[in-house]
Amino acid sequence: MSSPWGEGAGPGEPGAVEAGVTLVEGSTFCISETGGSISPHRQEGLFVRDTRVLSRWRLTIDGVLPQPLTVQYADPYSATILARTAPSPGRADSTALVIVGRHVGDGMRDDLTVRNLSGEPVRCVVALEVDADFADLFEVKDGRTGDGVVTSSSAVDGAIEITRADLRVGVTVAAAGATARNRELRWQVDLPGRGEWTACIQYRPALGADPVTPRYVCGSSVSLSEPAQRLRDWYENSPTVHTDDETLAAVLQRAVTDLGALRIFDPGHPQRAVVAAGAPWFMALFGRDSLLTSWMVLPLDRRLAVGTLQSLAGLQGNEIRSATEEQPGRIPHEVRFGRASTLLLGGDTVYYGTADATPLFVMLLGELHRWGLDAGTRDELLPHADRALDWIADYGDADGDGFVEYQRSAEHGLANQGWKDSWDGVNFIDGTLPDAPIALAEVQGYVYAAYLARAELALDAGDHAAADRLRAKAGRLKAAFNKAFWLPEHGWYAIGLDRDKRPIDALTSNIGHCLWTGIVDDDKAGLVADRLLAPEMFTGWGIRTLATTMGAYNPVSYHNGSVWPHDNAICAAGLMRYGYTEQANRVIDGMLDASSRFGHRLPELFCGFDRTEFAAPVPYPTSCSPQAWAAAAPLLFLRSMLRLEPGSGGSTGPGPASIAPAVPDRYLPLRVNGLRVGSDVLTVTVDRDGWQLLGLSGERPRSGR
């Protein structure tokens, strides 16, 4: 996952968020200190649609900041912040508890309570200072907010309105019973012994012509709000997993929770959910990230894949625009609301600079059809899949050599346009950088799989001629790939071909993606498996992005030696595909062991140090968490261990699912309830005596050893 297509904290590197309170709901998030305070000069604030609508929040009791005690989290969008007033001079204990119940969603609501802990009356002044600079999200993330911003404010009837005329944006902070002056709300509070006082504070943003309706209005029940109902529905429809292995159980539970929090909903299509790339800075639709995450989530939920495909189809390229790298049929890389994207892209908020999202779009459509897709949605999306294939032929393969290449057309665009999209993420053995255009190994694998996916869709529709034509194209690509990318002197595939068609010969984890898509010749798969699990690649926690023997290796780099959970999940799935179950399970075991050191939440990435060197994996300093494809990785681990396949699609729906479990003993007995394939709701049980599959329509339970 990358920064937007401009410069940021580092090419492709998300900015770090210091410890504090982060709450997320859709495209709204709030970052504060543990006591709830927000400072304009820190990476903090209330952000709505990529704009910081609250840059200062400072609560005082009699002019003194309360002392933070703890934060209790309820849901991804809600937390309760507990603090105490400072003890009186000469006293050890405080006399008052301060409680802030904070809820974010298209604005924010604070339920403020001051409780008298003593038996004596307390009189105090509660004051809340607020401000807003309306900075773009990336100005805040990159520390580029300035002091020259001009805003105006007005105060009346317990409300403060702050506006920024040059942007036509504003925010209103209101509370019943408050006295408003300048940019401060103030209350005179008289508390009897053991008594308490409450106030509800509403933060309502106004972003130009776009209406923003707060999710939680003062006086209403947060538990009855739309986000709460959506989250309950998500949990109720999620499969359940029972295992004696506490790590596997905990990491899967965390995955379901985080993925529920990372969903965003299209305001134009309120029931259409897509998965955002990561919290907090990447709560937006990303082509590659959202497509791969949706694929991994299919055993849990098909709706994310449907929503992601529909949303990306609506943004599919229609014309040639060098500033945005838009081309007809191309699937976008990133969608943003904020001013940074608009300014960089000449008035647009969609950037298309990616080589892999377009074939991944077709791959996901084919895979979704296997899991169950209604005919109407399939027929709606098929023309977009065909336009994507046209892009592959007409623009992706600009020189006609049969491979999809990339080369940015705008100076502010991404230099590398595969998943390793940092500026130095693609390199030769000696560490030197190749010249574009570059054809990446895994992208050819995605194109190969896209051809086969579209061929299956054509066959299901009775179009045998189209199916044969697409399968032939896939076959030619596979043969050409294995000839041009294979390095017999090394025993691995090049990560890519450079401008002069020279193999970019570094040993990378990208070759595991090639296994996943099936483009690897059978006679080479064993060597690839050996390379992925060799000491220079496998840390004991996971597979490195780049081998230790390569010139650019750095275990604390973003893409040149670090370990990425989603990358490992794809590698493990590829190893399972070719029958290398022992190697796949070594990867899965290592990653799950690593998760226990991160509170069972796999981060976006961690450092590539060997497991024998340090007792725990070393965190990468600017890793996003939760991050979508890292959160989804455990679901792909589970599917890989079960070797769960939904069966071929058909005009009447997907065929029957099949399993061939290769589950390590440590996770047994294992039971998964509620897997949905088509109209079937499946239960899988695996123990040391064998396995059983229940719930197949019209069939008796299947079992095996």
Side-chain angles (χ1 to χ4, degrees), residues 2-8 10-13 288 320-327 330 333-334 344 351-359 391-447 477 480-490 492-511 513-514 519 545-547 549-554 557-562:
S2 69
S3 294
W5 41 99
E7 295 301 322
E13 298 184 12
R288 174 194 314 118
I320 298 175
R321 297 181 62 198
S322 60
T324 63
E325 306 206 45
E326 179 182 358
Q327 294 167 335
R330 195 174 200 181
H333 169 64
E334 181 180 1
L344 284 167
Y351 174 63
Y352 291 83
T354 174
D356 49 17
T358 306
W391 176 86
I392 288 171
D394 298 338
Y395 299 96
D397 182 17
D399 62 5
D401 70 343
F403 300 127
V404 169
E405 303 96 0
Y406 64 82
Q407 182 175 23
R408 66 180 177 185
S409 60
E411 186 61 30
H412 54 250
L414 289 170
N416 282 316
Q417 297 187 354
W419 85 262
K420 294 177 179 175
D421 55 7
S422 51
W423 66 276
D424 61 348
V426 179
N427 45 75
F428 288 96
I429 279 181
D430 63 3
T432 58
L433 302 181
D435 293 321
I438 294 170
L440 289 174
E442 76 274 15
V443 172
Q444 315 318 312
Y446 301 157
V447 173
L477 174 58
F481 170 82
N482 281 275
K483 180 179 180 180
F485 283 74
W486 181 248
L487 304 173
E489 69 276 22
H490 297 303
W492 67 73
Y493 288 95
I495 185 178
L497 305 179
D498 74 355
R499 177 186 61 190
D500 301 317
K501 308 303 176 182
R502 293 185 304 158
I504 307 167
D505 52 2
L507 174 56
T508 67
S509 61
N510 300 55
I511 60 179
H513 294 233
C514 298
I519 199 171
T545 47
L546 184 70
T549 49
M550 301 295 106
Y553 171 71
N554 178 351
S557 69
Y558 198 54
H559 286 132
N560 288 325
S562 53

[X] and [Y]: which non-hydrogen atoms are nearest, and at how many Å?
| X | Y | answer |
| --- | --- | --- |
| A410 | S322 | CB-O, 3.3 Å |
| L414 | R408 | O-CB, 3.5 Å |
| D397 | G402 | OD2-N, 2.8 Å |
| S422 | Y558 | CB-CD2, 4.3 Å |
| P503 | L487 | CB-CD2, 3.7 Å |

Could you check whether the rings of W419 and H513 sit parallel, tilted or perpendicular, using 30° and 60° as the cut-offs?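 Parallel, since the angle between the ring planes stays under 30°.
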Can any side-chain N or O of [X] pair as donor or acceptor with the backbone N or O of [Y] at less than 3.5 Å?
| X | Y | value |
| --- | --- | --- |
| T358 | R330 | no |
| Q444 | V404 | yes |
| T545 | G561 | yes |
| N416 | G418 | no |

Report yes if some heavy atom in the side chain of [X] is under 4.5 Å from a heavy atom in the side chain of [Y]; otherwise report no.
| X | Y | answer |
| --- | --- | --- |
| V443 | Y406 | no |
| Y493 | N482 | yes |
| W391 | Q327 | yes |
| E325 | H333 | no |

side-chain contact (heavy atoms from CB on, under 4.5 Å) evaluation trace for E326 with I320: CA-CA 5 Å; E326 179 182 358; I320 298 175; over 6 Å; no
For the atom pair [atom1] ([X]) and [atom2] ([Y]), what is the distance rounded to the nearest 0.5 Å?
| X | Y | atom1 | atom2 | value |
| --- | --- | --- | --- | --- |
| I438 | I495 | CD1 | CD1 | 8.5 Å |
| D505 | H490 | CG | NE2 | 5.0 Å |
| D500 | R502 | CG | CZ | 6.0 Å |
| D421 | R288 | CG | CZ | 5.0 Å |
| N560 | D424 | CG | CG | 5.0 Å |
| N427 | H559 | CG | NE2 | 11.5 Å |

Please report the C-alpha distance between T508 and K420 in whole Å, then the side-chain angles of each, then the deciding distance to 0.1 Å, and finally whether the side-chain contact (heavy atoms from CB on, under 4.5 Å) criterion is met. CA-CA 11 Å; T508 67; K420 294 177 179 175; 3.6 Å; yes
Considering the options D401, D435, D399, which one meets the salt bridge (Lys or Arg N to Asp or Glu O under 4.0 Å) requirement together with R499?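 Among D401, D435, D399, the one meeting salt bridge (Lys or Arg N to Asp or Glu O under 4.0 Å) with R499 is D435.
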Only one of Y446, F485, F481 forms a ring-ring contact (aromatic ring centres under 6.0 Å, His included) with F403, so which one is it?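 Output: one option passes, namely F485.
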